[in-house]
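The structure under discussion appears below in the form of C-alpha cells.
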Amino acid sequence: MTKIRKLYYFDKKNTQEMISFLNNNVYDTYINHIMFNPFIPLHHLLPLKFKFLPESYLLKDKKEAKGLITIAPSSCHIKKMEIQKLLFEEGAWEEAVELVQFVVSKYKAMGAVSIMVKVDDYLPDLLSMFVSKCGFSQISYEKLWRVNKFTQTDYDKKEFREFRNSDAQLAANLYNEALLPHFRPLLSKEVREFKETLFKGLSYYSEYKYIIEDKKSKNITGAIAIRTSDNENFVVDITQTGWIEIDINSIIAFATDQIKKRKKRFGLFIKTKRYTNIGEKLEKQFLENGYECVQNQAVLTNSSARVLKEDEKTGKYTVLNDFYPTSPMPTTKVCNKL
C-alpha cells in the first residue's frame with residue numbers, strides 16, 4: 001500500500017540513493033538546500049500566504065521510496081504554485097499521477113489559485129500525463145539558448161544599475177505589459193514578486209538583478225535577472241516590452257561582465273518566452289547569431305483562469321525539472337526550470 005507524506009531529514013540517505021545515478025552537483029545542491037532545508041519542518045506549519053520555501057513529499061510503498069515531488073510557492077499575495085521536481089520509477093505513471101494529484105488537491109484546498117509546471121519537449125509521455133490525467137492545460141513555451149560564441153561589444157555602463165525594491169512596481173508593469181493579452185490572466189505577476197525578500201539567502205540559487213534605465217528620461221526600459229544554481233552555469237532572463245528597442249547584444253555584454261566579476265569560466269544561457277510579445281523576435285535573432293537551443297519547455301497550468309485564445313529512453317527514472325548543460329545521460333530523462 002502506498003502512502004504520501006512530508007519528506008523528513010531521515011529520508012536523506014534513501015533519497016540520495018534514488019538519484020545517485022545522476023551524479024551531478026545540481027542534485028547535491030537540490031538535496032541540501034531544498035529537500036532538507038532545516039527550516040522546512042516549521043515551514044510546513046505556516047499558512048499558505050506566508051510560505052516562501054519549496055516543500056517536498058515522498059511516495060512510499062512500505063519501506064521502499066517510489067517517488068517524490070517538490071512544489072514551491074510564488075511570493076505574491078494570491079498564491080500561485082509551481083511543481084519544480086517530480087521523480088518516479090520509469091513507467092510508474094500511476095504513482096506519478098498520485099503525487100501530482102496529491103499536491104494539486106492539497107494546495108488548492110489551502111487557497112492556491114493555480115499550479116504551474118514546465119515539461120521538456122523530449123518527454124511527450126510526461127506531458128501527456130499532466131494534460132490527460134492531471135487536468136493541466138498547455139499554454140505556451142519557454143526556451144533556453146546557449147551563447148556559444150559572443151563577440152564582446154561596447155555598451156554604455158550608465159544605462160545599467162542594480163535593482164532596488166523601489167523599482168518593483170515599474171518592473172512588474174513592464175513584465176505584465178510584455179505578456180500577450182490572452183496569457184495575462186494566467187501569468188501576470190504582482191509587485192511583491194519582484195521585491196527582494198528577507199529570506200533570499202535561504203534559496204538554493206543565487207540571483208543578481210539589474211535595471212536598464214534611459215539616461216535622459218530616467219525611465220526604466222527593461223530589467224535583467226542573472227540566476228545560477230551551481231555557480232557554473234548562468235541564465236539571463238530579460239524583461240522588456242516590444243514597444244521599446246533595446247540592444248540585446250549590449251545586455252549580453254553587460255551580463256557577461258557581471259558574471260566575470262564572480263567567475264572566470266562559466267556557461268552562459270538566455271531564456272526566451274513565447275508568451276511575451278518579444279519571444280519569437282528573440283528566437284529568430286538568436287538563431288541568426290548561431291546560439292544553440294538546449295531546452296524547449298512546454299508551460300502548463302492547472303488554474304481557475306483560462307486562456308482566451310490558443311496558440312497554433314529510457315532510463316531507470318523519469319525526472320522533472322533539472323537543467324544539465326551537457327547532453328542528457330543515457331540512463332535519465334531530464335526536464336527543467338531555471
(request) Go through the steps for Thr256 and Phe266 under the test side-chain contact (heavy atoms from CB on, under 4.5 Å), then give the verdict. (result) CA-CA 10 Å; Thr256 300; Phe266 55 88; 4.0 Å; yes
(message) For Thr272 and Tyr291: C-alpha separation, side-chain torsions, deciding distance, then whether side-chain contact (heavy atoms from CB on, under 4.5 Å) applies.
(response) CA-CA 12 Å; Thr272 57; Tyr291 298 167; over 6 Å; no
(request) Could you check Gln258 against Tyr208 for side-chain contact (heavy atoms from CB on, under 4.5 Å), going step by step and ending with a plain yes or no? (result) CA-CA 9 Å; Gln258 296 305 309; Tyr208 311 98; over 6 Å; no
(request) Check step by step if side-chain contact (heavy atoms from CB on, under 4.5 Å) holds for Phe88 and Leu126. (result) CA-CA 11 Å; Phe88 56 95; Leu126 189 60; 3.9 Å; yes
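For the pair Thr241 and Ile278, the minimum side-chain heavy-atom distance is 4.5 Å or more. No side-chain heavy atom of Lys271 sits less than 4.5 Å from a side-chain heavy atom of Gln295. Cys134 is not listed as a side-chain neighbour of Asn302, based on a closest heavy-atom distance of 4.5 Å or more. When side chains are defined from C-beta on, Ile71 does not count as touching Ile69, because their heavy atoms never get closer than 4.5 Å. Using a 4.5 Å heavy-atom cutoff, the side chains of Ile139 and Tyr275 are not in contact. For the pair Arg184 and Asn176, the minimum side-chain heavy-atom distance is 4.5 Å or more. Residues Ile115 and Lys108 form a side-chain contact, since some pair of their non-hydrogen atoms from C-beta on lies under 4.5 Å apart. In this structure, Leu300 and Leu127 have side chains that are in contact, with non-hydrogen atoms separated by less than 4.5 Å.
The minimum heavy-atom distance between Thr301 and Ser114, with the atom names listed, is OG1-CB, 4.0 Å. Pairing each heavy atom of Ile211 with each of Asp167, the nearest pair is CG1-OD2, 3.6 Å. Closest approach of Ala112 to Leu48, counting heavy atoms only: N-CD2, 3.3 Å. Counting all heavy atoms, side chain and backbone alike, Thr228 lies closest to Asn231 at OG1-N, 2.8 Å. In terms of heavy-atom proximity, Glu283 sits nearest to Trp145 at CG-CZ2, 3.7 Å. Here the closest heavy-atom approach between residue Leu53 and residue Pro73 is recorded as O-CD, 3.3 Å.
Side-chain atoms of Ser128 do not come within 3.5 Å of backbone N or O of Pro124 as any donor-acceptor pair. Panel note: side chain Glu193, backbone Glu190; a donor-acceptor pair is recorded below 3.5 Å. Within the 3.5 Å criterion, the main-chain N or O of Lys80 finds a donor-acceptor partner in the side chain of Ser74. Judged purely by atom type and a 3.5 angstrom limit, Lys66 has no side-chain atom pairing as donor or acceptor with the backbone of Ala92. The backbone N or O of Phe194 lies less than 3.5 Å from a partner atom in the side chain of Lys209, making a donor-acceptor pair.
In this structure, the separation between NZ on Lys143 and CG on Asp121 is 8.5 Å, given to the nearest 0.5 Å. Remark: Ile252 CD1 to Asp247 CG distance equals 9.0 Å, nearest 0.5 Å. Atom CD of Glu213 and atom OG1 of Thr221 lie 8.5 Å apart (nearest 0.5 Å). Taking CD1 from Ile259 and CG from Leu268, the interatomic distance works out to 5.0 Å, rounded to the nearest 0.5 Å. For the atom pair Lys60 NZ and Leu68 CG, the distance stands at 12.0 Å (nearest 0.5 Å). Between the CG atom in Asp154 and the CG atom in Asn249 there is a gap of 11.5 Å [rounded to 0.5 Å].
Residue Lys263 places its NZ atom among more than 12 non-hydrogen atoms of other residues, nucleotides or ligands, all under 6.0 Å distant. Surrounding NZ of Lys133 are at most 12 heavy atoms belonging to other residues, nucleotides or ligands under 6.0 Å away. In this structure, Asp156 places its CG atom where more than 12 heavy-atom neighbours from other residues, nucleotides or ligands lie under 6.0 Å away.
Annotation: cation-pi geometry not satisfied between Arg262 and Phe234 (NZ/CZ under 6.0 angstrom from ring centroid, within 45° of ring axis).
Lys273 and Glu142 are not joined by a salt bridge, as no carboxylate oxygen comes within less than 4.0 angstrom of a charged side-chain nitrogen.
Cluster membership for Phe52 and Leu42, using ILVMFWY side-chain heavy atoms within less than 4.5 angstrom, is not shared. By the criterion of side-chain heavy atoms lying less than 4.5 angstrom apart, applied directly or through intervening Ile, Leu, Val, Met, Phe, Trp or Tyr residues, Val113 is not grouped with Val191; the two fall into different hydrophobic clusters.
Partners of Glu292 by salt bridge (Lys or Arg N to Asp or Glu O under 4.0 Å), not counting sequence neighbours, listed by chain and number: Arg146. In this structure Asp257 satisfies the side-chain hydrogen bond (donor to acceptor under 3.5 Å, both in side chains) test together with Gln152, Tyr155, sequence neighbours excluded. Partners of Tyr57 under the ring-ring contact (aromatic ring centres under 6.0 Å, His included) rule, at least two apart in sequence or in another chain, are His44, Phe102. By the side-chain hydrogen bond (donor to acceptor under 3.5 Å, both in side chains) test, Lys51 is found to be paired with Glu55, residues two or more places apart in sequence or in another chain being considered. Not a single salt bridge (Lys or Arg N to Asp or Glu O under 4.0 Å) links Lys157 to another residue, sequence neighbours left out. Considering only residues two or more places apart in sequence or on other chains, Glu95 meets the salt bridge (Lys or Arg N to Asp or Glu O under 4.0 Å) condition with none of them.
Between Phe254 and Phe160, the ring planes are parallel. Angles under 30° get that label, and only those over 60° would be called perpendicular.
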